S.K.: 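Mind having a look at this structure? Questions to follow.
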There are 2 protein chains.
Amino acid sequence: MRINRNHATEIKERPLTTQRRLLLDILREAESHLDARELFHRAIGKDPHISLATLYRNLRLFKEMGLVDERCLDEAHCYYEIKRSPEHYHLVCKACRRVIDFESPLISKLIDEVRRDSGFDIVKASLYLEGYCPQCKSEEKAR
Amino acid sequence: MRINRNHATEIKERPLTTQRRLLLDILREAESHLDARELFHRAIGKDPHISLATLYRNLRLFKEMGLVDERCLDEAHCYYEIKRSPEHYHLVCKACRRVIDFESPLISKLIDEVRRDSGFDIVKASLYLEGYCPQCKSEEKAR
DNA sequence: ATAGGTGCAAATGGTTTGCGAAAAC
DNA sequence: GTTTTCGCAAACCATTTGCACCTAT
């Protein structure tokens, strides 16, 4: 079995090795938003022999093939997630670090607007909103 | 002289040392979007004795004080820029890496929408659009 | 005199790479 | 038999930290 990206360009097709399947399965099953550390932790759980090098090599491959998105919130927090459709965006609580996905039709409107004004051919949009979730807000107040 | 953030909360006021002024000046004068390496390069130009440790310590301080924003496009590309108003967002060309700033009233509409739906108190929005700029698009076609 | 800042050099820690062995085709 | 992947250990490199000195109050 092989993996590749439907609208692939010059990127070669690659075999779906046991390790790659393992990693992709974890990413798919995850409630999403795993960092490399957590992904490795879960991978070790399923196959104690898998190595970090393999993990990073394949994360990079997945990124290049467009199977996985890398989301870097800041220097210290990079998360990986399987691409799913429809596209969605992220809302992060600065207190508890909970991440919520959301969608909004306003974004495609915005993209159209920018495309028209700038002449860019836009292929990807990343949007993070940060703030405080209802729980953390009220805990804050209680203090 | 001192630096602090107008709507400061618990963050102490800090003295504006020569090194801090130097760094802030560079960030202010920059056409924006400097990474740590480039910032250091320019800093060394003005004061050959300034150290990387000072640069990182102060970048972190500036972030905490809300003077500077850190934008991480991916693992390898973190950029720092002085906060200016009004808020603006980024459009990056995947081919030439050019970065364009833009604003749009649709974003505050979007934020209102998300705030209403999620109950979050939203304090920051980061939006990157990636694609190909008009020049790179036509060079691509020419090939 | 005390607190905070700086430079230097060493430590840290996440990510990458070189290499020989193993697997895929 | 050639090509690709893997695991291991070593290398890399951006960032952080410990410490002694310095500066400002």
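Chain letters run A, B, ... following the sequence lines, proteins first, then strands; residues in each count from 1. Please read these numbers as outputs of a predicted model, since none were measured by experiment.
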S.K.: Measure CZ/A:Phe40 against C1'/C:dG13 and give the value in whole Å, please.
M.R.: 14 Å

S.K.: Between P on C:dG14 and CG on A:Leu39, what's the gap in Å once rounded to a whole number?
M.R.: 14 Å

S.K.: Can you tell me if the side-chain N/O atoms of A:Arg60 get under 4.0 Å from OP1 or OP2 in C:dG14?
M.R.: no

S.K.: Kindly indicate, with the supporting measurements, whether the criterion side-chain hydrogen bond (donor to acceptor under 3.5 Å, both in side chains) is fulfilled by B:Glu81 and B:His90.
M.R.: CA-CA 12 Å; B:Glu81 65 178 331; B:His90 299 271; 3.0 Å; yes

S.K.: Which residues pass the side-chain hydrogen bond (donor to acceptor under 3.5 Å, both in side chains) test with A:Arg60, sequence neighbours left out?
M.R.: none

S.K.: Could I get a table of every N or O pair under 3.5 Å where one atom is in the protein and the other is in nucleotides 5-14 of chain D?
M.R.:
residue: D:dT5; atom: OP1; partner: A:Arg14; partner atom: NH1; Å: 3.1
residue: D:dT5; atom: OP1; partner: A:Arg20; partner atom: NH1; Å: 3.2
residue: D:dT5; atom: OP1; partner: A:Arg20; partner atom: NH2; Å: 3.0
residue: D:dT5; atom: O5'; partner: A:Arg20; partner atom: NH2; Å: 3.4
residue: D:dC6; atom: OP1; partner: A:Thr17; partner atom: OG1; Å: 2.7
residue: D:dC6; atom: OP1; partner: A:Gln19; partner atom: OE1; Å: 3.4
residue: D:dC6; atom: OP2; partner: A:Asn58; partner atom: ND2; Å: 3.4
residue: D:dC6; atom: O3'; partner: A:Gln19; partner atom: NE2; Å: 2.9
residue: D:dG7; atom: OP1; partner: A:Gln19; partner atom: NE2; Å: 3.2
residue: D:dG7; atom: OP2; partner: A:Ser51; partner atom: N; Å: 3.4
residue: D:dG7; atom: OP2; partner: A:Thr54; partner atom: OG1; Å: 2.4
residue: D:dG7; atom: N7; partner: A:Arg57; partner atom: NH2; Å: 2.8
residue: D:dG7; atom: O6; partner: A:Arg57; partner atom: NH1; Å: 3.4
residue: D:dG7; atom: O6; partner: A:Arg57; partner atom: NH2; Å: 3.2
residue: D:dA14; atom: OP1; partner: B:Arg37; partner atom: NH1; Å: 3.3

S.K.: Atom CG of A:Leu34 to atom P of C:dG14: distance rounded to whole Å?
M.R.: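 In whole Å, C:dG14 P and A:Leu34 CG are 16 Å from each other.
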
S.K.: For the CG atom of A:Leu67 and the CZ atom of A:Arg20, what is their distance to the nearest 0.5 Å?
M.R.: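 So the CG of A:Leu67 and the CZ of A:Arg20 are separated by 10.5 Å.
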
S.K.: Between atom CG in B:Leu22 and atom C1' in C:dG5, what is the gap in whole Å?
M.R.: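 After rounding, the reported distance stands at 15 Å.
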
S.K.: If the threshold is 4.0 Å, N to carboxylate O, is there a salt bridge linking A:Arg42 and A:Glu38?
M.R.: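 So A:Arg42 pairs with A:Glu38 through a salt bridge.
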
S.K.: With a sphere of 6.0 Å drawn around NZ of A:Lys109, does it hold more than 12 non-hydrogen atoms of other residues, nucleotides or ligands?
M.R.: no

S.K.: Provide the full list of side chain to side chain donor-acceptor pair (under 3.5 Å) pairs with a residue in residues 119-134 of chain B, sequence neighbours left out, each pair given once.
M.R.: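 Side chain to side chain donor-acceptor pair (under 3.5 Å) check on residues 119-134 of chain B returns B:Lys94-B:Glu130.
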
